[in-house]
Amino acid sequence: FVVDTEENLMQNGGSYYILPVIRGKGGGLGLDKTGNETCPISVVQSPFDTEHGLPVRIASPYLILNIYEGLPLSLAFTAVPTCAETPSQWTVVEDLPTGKSLKLSGFYDNAMSGWFNIQKYANDYKLTFCPRDSDTCGDVGVNVDENGVRQMVVDEANGPLLVMFKKATESSTNIKLRGAI
């Protein structure tokens with residue numbers, strides 16, 4: 001089973017901050033505009049270590065109580081920008097300048113069909129994306145673009161972003177969404 005920062009089993013459908021294990025290279029995950037986007041629909045890492053980002057609902061289609069490694073998952077921010085559809089489900093879009101970028105669903109025709117999962121990586125966790133038409137899952141990592149935006153991508157040459165999951169409280173899931181994280 002996957003555990004959160006308090007060593008509690010992660011709940012199916014629970015809301016968590018996805019935070020980097022290694023400090024000094026950015027904070028939690030959120031949304032920002034990249035490229036020609038007019039709406040903040042790109043999944044990005046905060047440049048600030050102290051920011052938790054936005055809570056993410058982590059859910060499996062299976063009717064089970066807890067999340068375990070390798071389980072097919074959908075990931076969605078609990079806060080949605082006014083220019084986006086609800087829910088703010090994550091997808092992977094290919095053939096962008098950054099390769100395969102994580103975005104909110106419903107905006108790109110070249111979104112890949114598949115699911116995310118959590119894998120153990122040494123003593124930490126990493127996120128992977130598994131395309132429906134492939135036997136291979138790709139690691140989710142960070143690509144810093146020319147504007148310094150820390151975009152989340154699949155198959156980043158720098159390796160996976162090692163993450164931990166901090167349970168989001170009820171009050172933290174009702175935060176207002178800014179243009180960026």
Side-chain angles (χ1 to χ4, degrees), residues 15-59 72-119 126-134 136-163 165 168 173 175-181:
S15 295
Y16 297 87
Y17 294 105
I18 300 176
L19 304 170
V21 170
I22 300 171
R23 304 302 283 175
K25 293 190 175 186
L29 305 185
L31 292 168
D32 205 348
K33 299 176 198 173
T34 59
N36 296 326
E37 294 169 351
T38 57
C39 179
I41 59 168
S42 293
V43 179
V44 299
Q45 182 187 26
S46 170
F48 307 108
D49 289 0
T50 56
E51 286 198 10
H52 285 80
L54 298 172
V56 177
R57 183 175 178 270
I58 301 174
L73 301 171
S74 67
L75 304 176
F77 288 114
T78 59
V80 182
T82 55
C83 54
E85 300 175 18
T86 56
S88 54
Q89 185 117 359
W90 297 11
T91 190
V92 173
V93 178
E94 55 185 336
D95 298 327
L96 295 173
T98 53
K100 299 175 184 170
S101 297
L102 276 64
K103 306 280 185 179
L104 295 187
S105 60
F107 287 88
Y108 287 91
D109 293 334
N110 53 338
M112 299 174 70
S113 180
W115 58 89
F116 292 91
N117 68 35
I118 299 168
Q119 297 286 336
K126 66 179 182 175
L127 294 173
T128 64
F129 178 77
C130 306
R132 203 172 298 285
D133 58 357
S134 174
T136 307
C137 299
D139 291 339
V140 173
V142 179
N143 178 61
V144 182
D145 72 11
E146 65 278 358
N147 298 318
V149 176
R150 301 180 62 79
Q151 296 182 58
M152 301 307 299
V153 297
V154 176
D155 291 328
E156 173 55 35
N158 295 332
L161 175 67
L162 301 182
V163 296
F165 305 93
T173 59
I175 60 173
K176 293 189 183 228
L177 181 69
R178 296 181 286 157
I181 320 180

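We're numbering straight along the sequence, starting at 1.
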Using the side chain to side chain donor-acceptor pair (under 3.5 Å) rule, take T128 and N117 through it: C-alpha gap first, then chi angles, then the decisive distance, then the call.
CA-CA 5 Å; T128 64; N117 68 35; 2.3 Å; yes

Assess whether side chain to side chain contact (heavy atoms under 4.5 Å, CB included) is satisfied between L104 and F77, documenting all intermediate values.
CA-CA 9 Å; L104 295 187; F77 288 114; 4.1 Å; yes

Under the side chain to side chain contact (heavy atoms under 4.5 Å, CB included) rule, what do F116 and L102 come out as? Steps first, then yes or no, please.
CA-CA 11 Å; F116 292 91; L102 276 64; 4.0 Å; yes

Could you tell me whether the side chain of [X] and the main chain of [Y] form a donor-acceptor pair under 3.5 Å?
X	Y	result
D145	N147	yes
D32	V44	no
E51	F48	no
N110	V93	no

Non-hydrogen side-chain atoms of [X] and [Y] separated by less than 4.5 Å:
X	Y	result
W90	V56	yes
L54	L31	yes
L127	I118	yes

Can you confirm whether the side chains of E94 and Y108 place a donor and an acceptor under 3.5 Å from each other?
no

I'd like to know if the side chain of S42 pairs up with that of K103 as donor and acceptor (distance under 3.5 Å, no hydrogens or angles considered).
yes

With sequence neighbours left out, the residues meeting side-chain contact (heavy atoms from CB on, under 4.5 Å) with N36 are none

For a quick test of reading the model, state the closest non-hydrogen atom pair linking [X] to [Y] and the distance between them.
X	Y	answer
V153	S101	CG1-OG, 3.8 Å
R150	S46	CD-O, 4.1 Å
V142	M152	CG2-SD, 3.8 Å
Y17	G53	CE2-O, 3.6 Å
Q89	S74	NE2-CB, 2.9 Å
Q45	G26	NE2-C, 3.5 Å

If I take atom SG from residue C83 and atom NZ from residue K33, how far apart are they, to the nearest 0.5 angstrom?
7.5 Å

Distance, nearest 0.5 Å, that separates CE of M112 from OG1 of T91
8.5 Å

Does the ring center of W115 lie less than 6.0 Å from the ring center of F129?
no

With side chain to side chain contact (heavy atoms under 4.5 Å, CB included) as the criterion, how do K126 and L161 come out once you've worked through the C-alpha distance, each side chain's angles and the decisive distance to 0.1 Å?
CA-CA 6 Å; K126 66 179 182 175; L161 175 67; over 6 Å; no

